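Comments concern the structure below.
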Amino acid sequence: MTSIFRTVMGADFDRLHPALQRRFSVGLTSGEACTGRGVMERIWHGGSFVKPFLALGGTRNILVPRAGRRIPFTIENVPYKDTFGRETVTFVRTFDLPGGPRRFDAQMVLSPKGDRVLDYLGTHQHLASDLHFRAEPDGSLLIRSGEHRFREGPVDVRVPELIGGDAQVRESFDDRTGRFRIQVRVVNRYVGPLFGYEGSFEADYTDIRTCGVRPGLRPVREERRA
């Protein structure tokens, strides 16, 4: 067995910077969890029409409803088996914004065919996105979102392009500073940029047999549908 990220990327995984290879080897096989601590140089929003959607998403830890600069943050990548027996890796980001911390929660699992990663968003996993991973020539990692779906009870519908957003994530490692760099940008193809952030962080690794999954890190509700 390998990490879900190495599985989906295949030989392309070996083209990543060694520091990124270790970070995205986090999983039940490696036995490691990763915690990143750093600063978001900028968290930005699009036009004012975006704010109601961000505020609504913020109630379920989806996206970040406030903008800011030089915001301390933490990202927790912890592997575990969900209630359906699937290996899952948390991507829980906590932003220490003025007025109180805000979280952006995601849990990633491998698709049944092993050809993509499924990204379940929020405390109740109402939103799910396909993610596609690619190593860039400079050893950085590019992640692009694919189809988005909304699921609640019997409802399982594709999010229309008119209100959805295409996400692009770039993660790299700076050998000079010894820090990871992250840039996230979400764009609607009709109205333009919606949301994003960029910053850097240092990473620590721990043995999951020692640290486990802390209370409150897993979602309130888990979605079976892939």
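No experiment lies behind these values; they were computed from the predicted model shown.
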Decide whether [X] and [Y] meet the rule of one side-chain donor and one side-chain acceptor closer than 3.5 Å.
X    : Y    : value
T94  : T74  : no
N61  : R102 : no
D175 : H17  : yes
R151 : H126 : no

For this session: Kindly determine whether V169 and I182 satisfy side chain to side chain contact (heavy atoms under 4.5 Å, CB included), including the steps that lead there.
Result: CA-CA 7 Å; V169 180; I182 178 77; 3.5 Å; yes
Exercise. Hey, mind stepping through R181 and F173 against side chain to side chain contact (heavy atoms under 4.5 Å, CB included) and telling me if it holds?
Worked result: CA-CA 6 Å; R181 292 204 59 83; F173 186 79; over 6 Å; no
Exercise. Does the separation of the ring centres of Y197 and F73 fall below 6.0 angstrom?
Worked result: no
Exercise. Hey, do the aromatic rings of F133 and F5 have their centres closer than 6.0 Å?
Worked result: yes
Exercise. Side chain of D82, backbone of T88: donor and acceptor closer than 3.5 Å?
Worked result: no
For this session: Show your working on salt bridge (charged side-chain N to carboxylate O under 4.0 Å, His left out) between E41 and R70 and close with a plain yes or no.
Result: CA-CA 5 Å; E41 296 159 8; R70 302 294 299 169; 5.1 Å; no
Exercise. Is V78 isolated, or which residues cluster with it under the ILVMFWY side-chain rule of less than 4.5 Å, directly or via members?
Worked result: Y80, V92, V213, L217
For this session: Check step by step if salt bridge (charged side-chain N to carboxylate O under 4.0 Å, His left out) holds for R189 and D166.
Result: CA-CA 8 Å; R189 62 185 59 191; D166 296 322; 3.1 Å; yes
Problem set entry | Enclosure of R69 CZ (heavy-atom neighbours >12, cutoff 6.0 Å) | no
Exercise. Going through the distances and angles, do D14 and R6 end up as a salt bridge (charged side-chain N to carboxylate O under 4.0 Å, His left out)?
Worked result: CA-CA 9 Å; D14 296 323; R6 180 181 284 275; 3.0 Å; yes
Exercise. Would you call R170 and E198 a salt bridge, using N to O less than 4.0 angstrom?
Worked result: no
Using the rule that two of Ile, Leu, Val, Met, Phe, Trp, Tyr join whenever any of their side-chain heavy atoms come within less than 4.5 Å, decide whether [X] and [Y] are in one cluster.
X    : Y    : answer
V184 : F24  : yes
V8   : I4   : yes
L194 : F150 : yes

Problem set entry | Partner of E222 under salt bridge (charged side-chain N to carboxylate O under 4.0 Å, His left out), chosen from R225, R218, R224 | R218
Problem set entry | Among E223, R60, Q107, R221, side chain to side chain donor-acceptor pair (under 3.5 Å) partner for Q125 | Q107
Exercise. Think R179 forms a cation-pi with F201, using NZ or CZ under 6.0 Å from the six-ring centre and within 45 degrees of its axis?
Worked result: no
